[in-house]
Amino acid sequence: MSGQYLPIEAAAAAAAAVRVGSLDGSALPGPSFGSEAASIRSSSSSSGGDGDGPARSGAGQAKTPLAADEGLRKQIGLFSASSIIIGQVVGSGIFSTPASVALLCGSPSTALVLWFVSGVVSLGGALGSAELGTMFPQNGGMIRYLSHAYPRPRALVATIMAYSVTFFCRPAAIAANVAIFAQYFYFAAGRADYIESRDYLLRGIGAVVMTALMVLNIVSVRWSLRLLNAFAVVKMATLLIVSFTGFLLMVGAVKRTPGTNWSRGFSGTHLSVQAFASAMTRLFWSWEGWSNVGYVVGEVRNVKRTLPLSLGLAMGTLAVLYILANVAYFSVIPLEDIDNGTLLAAQFMGRVFGRTMGQVVLPACIGLSILGVVMSELFGGSRLMYSAGKTGFVPYGDVLGDVHPRFGTPVYAMLIIWALSLVFLFAPPPGKAFDLLVDLVQEGMWYFYALTAFGVIILRYRLPHYPLRRFRSPLILALLFGALSLMLGVLQFYPPADIPGKKQPYTPYYLAPLLGVIFMALCVIPWYLRMWRFADKTGIQLLAWIEDEEQEVLRMSDSDVHRFNRTG
């Protein structure tokens, strides 16, 4: 549903009422920002000199507010936006997580309810992101959303997010996934022994593949999107095979040995606080990844239509397929027969289609699925780094925010993400250290998700008539998603429940969340050095763009908004 907006006279009055001002309480200067801030604000125009940037104001053109003045070509349509979401959400989780969730719950029926509930709540978070993305239609995602929702003190929340996610979480996630990707292909080739004995060989293969994907991301956005689309098709085809088989089992079109999973109903359910926390953590990470499209929203065509529709279609379709996949698994495999040392999907495929499908074809498809995650992380991660520099959160914004004149891609941001990923890939020794890195990737993100969801509510009341709020998400779902995300962040410090047949981690359960919180706390240091010491010493208003974006949009007339909606 489209948001309301004010005529230009009323917008001017509203602008005065909601003026952000200086982020430390002092008055902001006028248009003169100093050399570095000027380069930050003009990077899109300077790097878009090949004529491929967004339309500028002029006769017959839509007014282009700072919030949409990107500098990268708008090449992402509905299918590619959906592929970016699917590419990040669907990894190996849905092929293994249902076993752990069912064992934690004690009943497949209870697990199915939790899958449905977590899917609805995650959809609420995704729709909240869609609302914020239409309000601030430029690359950066949560960096921008948190800047506008929590501008004081000097964008502390957004700065911590920018440093922790850009320089740690995203490259570490890429490193973890490329290392795991190779394992599935060795398993499919019948060389599972290589997984333990040749760790650095697998990392080397992952590094080569990651480098090839990085080069493709640099030289061609179009072919990068095509590959992302192809990976999404592989993921959806694999899920469809499993899910459609589940549907056939439900209607009796495929014969099976009758089991007791569904006939027992909810008997056997034992959801302690520990079990619930462990189950919900796994469930929400199986849905996580929809935020990736927010990092590239500045390159999305027709944001008003494409962003909400892609999030709704992708998450809605995955919800149906995830539920059917669970029905398929537990229509074939009794709860007591689950082998937690083997992928649940491999057990299922082996029983229904035979050994080749379960031990060769499926692992290969999962390997490609994980490779799709890497591709999506590289694509979105480079835009995140690009935005962190362009908005002034990190130094050398004129370099990080630069776009290659020929390829139209943020080449320097991409190279830094690639280099950091290589460090995380090869620095940790095999075994416990690398396993800890995998766990650390997700620590802290819960808090950012919660604050972003609460930001939807804050901005709904602080900027009630923002002209570019072209979609309104259900506030109750945003509140629920924020509360659950915050709860999951806290519950990471609660002892996890034991899962039958699953080995306990070698490191203490509290180590990964504790290190995550410590790392976020350390990000206060660059925030102080950048936003206080450097800004006060030079007089450069690094965060003036936050107010500028809001004020320029609030001054848009009805005709400006209408033209922007048609072209933006």
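Fair warning: this is a prediction, and the values are worked out from it, not measured in the lab. As a basis for the values below, the full set of heavy atoms in this structure was taken, side chains included, without hydrogen atoms, waters or symmetry mates.
Smallest separation of non-hydrogen atoms from Pro467 and Val561: CB-CG2, 3.7 Å. Between Met315 and Ala126, the shortest heavy-atom distance links the atoms CG-CB, 4.1 Å. Minimum interatomic distance between Arg73 and Pro405 (heavy atoms only, all atoms of both residues): NH2-O, 4.3 Å. Taking all atoms of both residues into account, the shortest heavy-atom contact from Gly91 to Val373 is CA-CG2, 3.8 Å. Closest heavy-atom contact between Met161 and Met142: CE-CB, 3.6 Å. What you find for Ala162 and Ile143 is that their closest heavy atoms are CB-CD1, 4.0 Å.
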With side chain to side chain contact (heavy atoms under 4.5 Å, CB included) as the criterion, how do Leu213 and Leu227 come out once you've worked through the C-alpha distance, each side chain's angles and the decisive distance to 0.1 Å? CA-CA 9 Å; Leu213 294 178; Leu227 186 58; 3.7 Å; yes
Would Lys74 and Asn302 count as a side chain to side chain contact (heavy atoms under 4.5 Å, CB included) if you check the C-alpha gap in whole Å, the side-chain angles of each, and the deciding distance to 0.1 Å? CA-CA 9 Å; Lys74 288 184 174 289; Asn302 193 359; over 6 Å; no
If you apply the rule side chain to side chain contact (heavy atoms under 4.5 Å, CB included), what do you find for Val293 with Val297, and how did you get there? CA-CA 6 Å; Val293 73; Val297 71; over 6 Å; no
Walk me through whether Phe481 and Trp290 qualify under ring-ring contact (aromatic ring centres under 6.0 Å, His included). CA-CA 13 Å; Phe481 177 78; Trp290 42 262; 5.6 Å; yes
Passes side chain to side chain contact (heavy atoms under 4.5 Å, CB included), Met210 versus Leu422? Steps please. CA-CA 9 Å; Met210 180 183 67; Leu422 285 179; 3.4 Å; yes
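Taking the charged nitrogens against the carboxylate oxygens, Arg563 and Asp560 do have a contact shorter than 4.0 Å, which makes a salt bridge. A salt bridge is absent between Arg170 and Glu377: the closest approach of a Lys/Arg side-chain nitrogen to an acidic carboxylate oxygen does not fall below 4.0 angstrom.
In this structure the side chain of Leu309 reaches within 4.5 angstrom of the side chain of Leu78, judged on heavy atoms. You'll find the side chain of Asn139 stays beyond 4.5 Å of the side chain of Tyr295, heavy atoms only. Ile85 places none of its side-chain heavy atoms less than 4.5 Å from the side chain of Asn292. In this structure the side chain of Ser80 reaches within 4.5 angstrom of the side chain of Asn229, judged on heavy atoms. Residues Met236 and Leu318 are in side-chain contact: their nearest non-hydrogen atoms beyond the backbone lie under 4.5 Å apart. By the 4.5 Å heavy-atom criterion applied to side chains, Arg462 and Glu550 are counted as neighbours. Put simply, the side chain of Trp446 does not reach to within 4.5 Å of the side chain of Leu486, judged on heavy atoms. Residues Leu146 and Thr452 form a side-chain contact, since some pair of their non-hydrogen atoms from C-beta on lies under 4.5 Å apart.
Judged by the 6.0 Å and 45° rule, Arg530 forms a cation-pi pair with Phe534. A cation-pi contact, defined as under 6.0 Å to the ring centre and within 45° of the axis, links Arg154 to Trp532.
Not a single donor-acceptor pair under 3.5 Å links the side chain of Asn177 to the backbone N or O of Ile370. Listed for the Tyr322 side chain is a donor-acceptor partner under 3.5 Å among the backbone atoms of Ser286. No donor-acceptor pair closer than 3.5 Å links the side chain of Ser82 to the backbone N or O of Ala314. Side chain of Ser220 to backbone of Leu216: no donor-acceptor contact under 3.5 angstrom is found. The backbone N or O of Leu459 sits nowhere less than 3.5 Å from a side-chain atom of Tyr466 that would complete a donor-acceptor pair.
If you take OG on Ser376 and CD1 on Ile174, they are separated by 9.5 Å, rounding to the nearest 0.5 Å. The CE atom of Met487 sits 8.0 Å away from atom OG1 of Thr281, with the distance rounded to the nearest 0.5 Å. Between atom CD1 of residue Ile94 and atom CG of residue Leu283 there is a gap of 9.0 Å, rounded to the nearest 0.5 Å. Atom CD1 of Ile458 and atom CG of Leu463 lie 11.0 Å apart (nearest 0.5 Å). The CG atom of Leu114 lies 10.0 Å from the CZ atom of Phe284; values are rounded to the nearest 0.5 Å. Taking OG1 from Thr211 and CH2 from Trp418, the interatomic distance works out to 5.0 Å, rounded to the nearest 0.5 Å.
Residue pairs satisfying the ring-ring contact (aromatic ring centres under 6.0 Å, His included) criterion with at least one member in residues 217-236, sequence neighbours excluded, are absent.
Qualifying ring pair (Phe, Tyr, Trp, His ring centres under 6.0 Å) partners for Phe448, counting only residues two or more places apart in sequence or in other chains: none. In this view, Phe167 and Tyr163 satisfy the ring pair (Phe, Tyr, Trp, His ring centres under 6.0 Å) rule, not counting sequence neighbours.
Within a 6.0 Å radius of OH in Tyr412, other residues, nucleotides and ligands contribute 12 heavy atoms or fewer. Taking a 6.0 Å sphere around CZ of Arg222, one finds it holds 12 or fewer heavy atoms contributed by other residues, nucleotides or ligands. Residue Phe407 qualifies as enclosed at atom CZ: its count of foreign heavy atoms under 6.0 Å is above 12.
When the options Leu225, Ile417, Thr409 are evaluated for a side-chain contact (heavy atoms from CB on, under 4.5 Å) with Phe379, the one that passes is Leu225. With Glu131 as reference, Arg460 is the one residue of Arg472, Lys304, Arg470, Arg460 to meet the salt bridge (charged side-chain N to carboxylate O under 4.0 Å, His left out) rule.
In this structure, Phe136 and Tyr145 have tilted ring planes: the angle between them lies in the 30° to 60° band. Under the 30°/60° scheme for interplanar angles, the aromatic rings of His148 and Trp545 are found to stand perpendicular.
For the residue pair Tyr449 and Ser291, a side-chain donor N or O sits within less than 3.5 Å of a side-chain acceptor on the partner. Under 3.5 Å, the side chains of Lys235 and Ser369 contain a donor-acceptor pair of N or O atoms.
When ring centroids are compared, Phe424 and Phe168 come within the 6.0 Å threshold.
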